[in-house]
Amino acid sequence: MAQITKDTKIGELLEIDVDNVAPVLLSIGMHCLGCPSSQMETIGEAAAVHGIDADELVKTINEKIADK
């Protein structure tokens with residue numbers, strides 16, 4: 001299983017597990033998942049833009065992908 005970090009790009013993250021990760025990102029206001037520029041943005045960068053704690057987001061994502 002892949003270990004997600006704050007340096008993981010959104011595009012890579014969605015390739016790993018779009019079904020479990022997309023709802024998490026959408027629920028916190030990250031609605032531009034299909035936007036070309038967001039695909040190159042890291043989880044840490046996206047969290048900062050959206051005022052989200054990156055460490056908590058990474059923890060949540062890792063828990064979601066571990067459950068699959």
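Quick note: residue numbers are just sequence positions, from 1. Every value quoted in this text rests on a predicted model; they were computed, and no experiment measured them.
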Lys6 meets the salt bridge (charged side-chain N to carboxylate O under 4.0 Å, His left out) criterion, sequence neighbours left out, with Asp55
Pairing residues for Asp7 by the salt bridge (charged side-chain N to carboxylate O under 4.0 Å, His left out) criterion, not counting sequence neighbours:
none
Quick one: which of Ile16, Val21, Asp17 gives a side chain to side chain contact (heavy atoms under 4.5 Å, CB included) with Ile61?
Val21
Got a second to check how far [X]'s [atom1] is from [Y]'s [atom2], nearest 0.5 Å?
{"X": "Glu63", "Y": "Asn20", "atom1": "CD", "atom2": "CG", "answer": "12.5 Å"}
{"X": "Leu13", "Y": "Ile4", "atom1": "CG", "atom2": "CD1", "answer": "5.0 Å"}
{"X": "Ile10", "Y": "Glu41", "atom1": "CD1", "atom2": "CD", "answer": "6.0 Å"}
{"X": "Ile43", "Y": "Leu57", "atom1": "CD1", "atom2": "CG", "answer": "6.0 Å"}

Residues in side-chain contact (heavy atoms from CB on, under 4.5 Å) contact with [X], at least two apart in sequence or another chain:
{"X": "Thr60", "result": "Val24"}
{"X": "Glu15", "result": "none"}
{"X": "Val18", "result": "Leu14, Ala22"}
{"X": "His50", "result": "Met30, Ile52"}

Can any side-chain N or O of Gln39 pair as donor or acceptor with the backbone N or O of Pro36 at less than 3.5 Å?
no
Can you check whether Asp53's main-chain N or O pairs, donor with acceptor, with Glu56's side chain at less than 3.5 Å?
no
With a 4.5 Å cut-off on side-chain heavy-atom distances among I, L, V, M, F, W and Y, is there a chain of contacts connecting Met40 to Leu33?
no
So which heavy atom on Ala54 is nearest to which on Gly44, and how close?
CB-CA, 4.2 Å
